[in-house]
Amino acid sequence: MRWNREVDRAIVSGVEEKEIRQIKKEYITDRVRESFNLFGNKPERLGSIIMTAVAALALLISKVLQKARELSARLFDTQMVQPPLSQQEKGIGREQPNNALTPNRETESKAQTAENKMPQIPPKPVMSAEAASYPKLLKIYQELNRQNGIIFDAERERNALELERDSLKGLAKLTKKGEIQSKIDHKNEEIDLLKIGLSGIVKRYGFKTVYDFYKTFAVAKTANAEYQEESDRWEELYGDNAQRQEKERIHKRLQNYQRENADRQTIRTSKNKDKGAR
């Protein structure tokens with residue numbers, strides 16, 4: 001059904017579900033009800049109603065895709081113009097604040113009694129099944145996007161042919177219109193097959209519909225993002241680099257404590273020699 005194929009296309013293009021439902025209500029549900037009230041049961045009118053709904057959804061898809069491409073182009077231009085960020089601007093290799101390296105009195109006290117003790121390390125976050133499925137699902141998502149891009153280009157070619165056909169005048173209108181219309185019909189058949197290919201892609205990977213795939217993909221994407229955040233946080237606090245830095249801090253505190261202790265001992269020895277001299 002052409003409506004279902006267009007819905008698949010809308011989902012892949014990033015049209016929100018509520019907007020698809022709104023078009024379905026306005027152009028199909030409401031108009032079928034109006035047609036029944038005015039003309040009674042006339043199934044033959046359903047075809048034209050569906051075609052109008054498909055056209056409305058296709059127009060919305062075109063707008064969404066055009067905005068996405070314009071945004072992508074602007075971001076690309078911005079990246080080309082802006083100078084590369086420094087390490088500090090990127091936030092890479094951020095140094096800890098000075099007070100993080102300067103132990104307070106409580107820390108000094110603890111360091112004197114338990115310098116060699118390390119904090120208890122919690123277990124590393126475990127990747128869930130949903131997060132683990134994300135890379136595979138991402139490849140399917142990218143395949144759908146490539147197919148959608150091909151459809152978008154084919155529709156632009158079809159639209160250009162329609163403009164050419166509608167701009168014909170005089171003798172050219174009589175001699176070339178049929179040829180151009182034949183190209184348009186062929187391009188429409190090609191577009192329909194490409195849209196069918198969207199559902200074919202997800203079915204090849206075990207999903208019944210494009211909608212089912214996108215629900216699964218959204219869950220996996222969220223789970224993967226949460227896992228990456230937890231894993232990065234664990235590495236920052238307890239990973240090899242963090243443990244090495246902690247050992248270095250403890251070693252430095254111990255050296256400072258030993259040096260201060262030696263200085264105090266030297267001072268006491270010096271005072272005792274002075275008293276003995278008197």
Side-chain angles (χ1 to χ4, degrees), residues 1-71 140-141 143-168 173 177-178 180-204 207-219:
M1 185 177 179
R2 293 200 66 179
W3 170 255
N4 290 340
R5 293 201 296 267
E6 208 63 37
V7 169
D8 288 345
R9 175 91 193 288
I11 293 172
V12 174
S13 301
V15 178
E16 293 187 10
E17 185 179 348
K18 65 179 181 181
E19 293 181 297
I20 299 174
R21 292 184 182 277
Q22 179 60 32
I23 288 179
K24 182 179 180 181
K25 178 182 181 302
E26 182 179 344
Y27 287 90
I28 298 180
T29 307
D30 292 349
R31 294 194 181 186
V32 166
R33 187 182 298 112
E34 291 173 3
S35 176
F36 183 82
N37 291 337
L38 290 173
F39 306 105
N41 187 16
K42 299 286 184 180
E44 62 271 15
R45 295 184 59 84
L46 181 61
S48 61
I49 291 174
I50 294 295
M51 290 301 295
T52 303
V54 168
L57 186 54
L59 180 61
L60 178 59
I61 292 170
S62 178
K63 290 179 179 178
V64 170
L65 287 175
Q66 191 61 41
K67 286 182 179 179
R69 290 199 170 193
E70 289 173 357
L71 178 60
I140 304 173
Y141 172 81
E143 187 175 347
L144 288 168
N145 281 340
R146 285 193 296 270
Q147 181 85 350
N148 198 32
I150 295 171
I151 296 172
F152 182 78
D153 292 336
E155 286 178 335
R156 286 201 303 181
E157 293 173 8
R158 188 268 317 276
N159 295 342
L161 287 170
E162 289 177 342
L163 288 174
E164 182 182 354
R165 178 200 61 191
D166 295 340
S167 64
L168 292 174
K173 191 172 185 179
K177 185 176 180 180
I180 296 175
Q181 184 60 50
S182 177
K183 291 180 180 179
I184 292 171
D185 294 340
H186 178 74
K187 187 61 66 174
N188 281 330
E189 291 175 3
E190 177 188 339
I191 291 169
D192 285 341
L193 289 174
L194 288 169
K195 289 177 181 178
I196 293 172
L198 292 173
S199 61
I201 289 171
V202 298
K203 286 178 181 177
R204 197 164 70 241
F207 296 92
K208 291 184 178 180
T209 65
V210 172
Y211 179 70
D212 289 339
F213 165 75
Y214 270 82
K215 285 198 301 183
T216 304
F217 178 73
V219 172

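Atom set for the values below is all heavy atoms of this structure, side chains included, hydrogens, waters and symmetry mates excluded.
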query = When you check the gap from the basic side-chain N to the acidic O, do Asp192 and Lys195 get nearer than 4.0 Å?
reply = no
remark   = Taken to the nearest 0.5 Å, the spacing of Ile23 CD1 from Ile61 CD1 works out to 8.0 Å
query = Heavy-atom distance under 4.5 Å between the side chains of Leu194 and Gln147, does that happen here?
reply = yes
key: Non-hydrogen atoms of Val202 and Ser199 that approach each other most closely   = CG2-O, 3.2 Å
task = State, yes or no, whether a side-chain contact exists between Lys183 and His186 at a heavy-atom distance under 4.5 Å.
result = no
request  = Decide side chain to side chain contact (heavy atoms under 4.5 Å, CB included) for Lys24 and Arg21; before the verdict, give the C-alpha distance in whole Å, the side-chain angles of both, and the deciding distance to 0.1 Å.
outcome  = CA-CA 5 Å; Lys24 182 179 180 181; Arg21 292 184 182 277; 5.5 Å; no
task = Would you mind checking if Glu34 and Arg45 are paired as a salt bridge, meaning a charged N to carboxylate O distance below 4.0 Å?
result = no
query = Atom CZ of Phe207 and atom NZ of Lys215: how far apart are they, to the nearest 0.5 Å?
reply = 11.0 Å
Please tabulate, for side-chain N and O atoms in residues 26-33, each donor-acceptor pair with protein atoms closer than 3.5 Å (sequence neighbours left out).
| residue | atom | partner | partner atom | Å |
| --- | --- | --- | --- | --- |
| Asp30 | OD1 | Arg33 | NH1 | 3.2 |
| Asp30 | OD2 | Lys25 | NZ | 3.2 |

ask   = Hey, are Arg2 and Glu6 close enough for a salt bridge, meaning a charged N less than 4.0 Å from a carboxylate O?
value = no
task = Start with the C-alpha distance between Leu198 and Arg5, add both sets of side-chain angles, then the distance that settles side chain to side chain contact (heavy atoms under 4.5 Å, CB included), and finish with yes or no.
result = CA-CA 8 Å; Leu198 292 173; Arg5 293 201 296 267; over 6 Å; no
query = Angle class for the Phe217/Tyr141 ring planes (parallel below 30°, perpendicular above 60°, tilted otherwise)?
reply = parallel
request  = Kindly indicate, with the supporting measurements, whether the criterion side chain to side chain contact (heavy atoms under 4.5 Å, CB included) is fulfilled by Val64 and Lys67.
outcome  = CA-CA 5 Å; Val64 170; Lys67 286 182 179 179; 6.0 Å; no
message = To the nearest 0.5 Å, what is the distance between CG on Leu60 and CG on Leu65?
response = 9.5 Å
ask   = Do the side-chain N and O atoms of Glu155 and Asn159 include a donor-acceptor pair separated by under 3.5 angstrom?
value = no
remark   = Test side-chain contact (heavy atoms from CB on, under 4.5 Å), reference Tyr214, set Thr209, Val219, Val12, output is Val12
task = Identify the residue among Glu164, Glu157, Glu162 that makes a salt bridge (charged side-chain N to carboxylate O under 4.0 Å, His left out) with Lys187.
result = Glu157
inquiry  = Could you measure the distance from the NZ atom of Lys177 to the CG atom of Leu168? Nearest 0.5 Å is fine.
reply    = 8.5 Å
key: Contacts of Thr216 that satisfy side chain to side chain donor-acceptor pair (under 3.5 Å) - sequence neighbours left out   = none
Distance-only criterion, 3.5 Å: show the donor-acceptor pairs between side-chain atoms of residues 50-57 and protein atoms not counting sequence neighbours.
| residue | atom | partner | partner atom | Å |
| --- | --- | --- | --- | --- |
| Thr52 | OG1 | Ser48 | O | 2.9 |

message = Please report the interatomic distance CG(Leu144) to CD1(Ile11), rounded to the nearest 0.5 Å.
response = 10.5 Å
query = When rounded to the nearest 0.5 angstrom, what distance separates OG in Ser13 from CD in Gln66?
reply = 12.0 Å
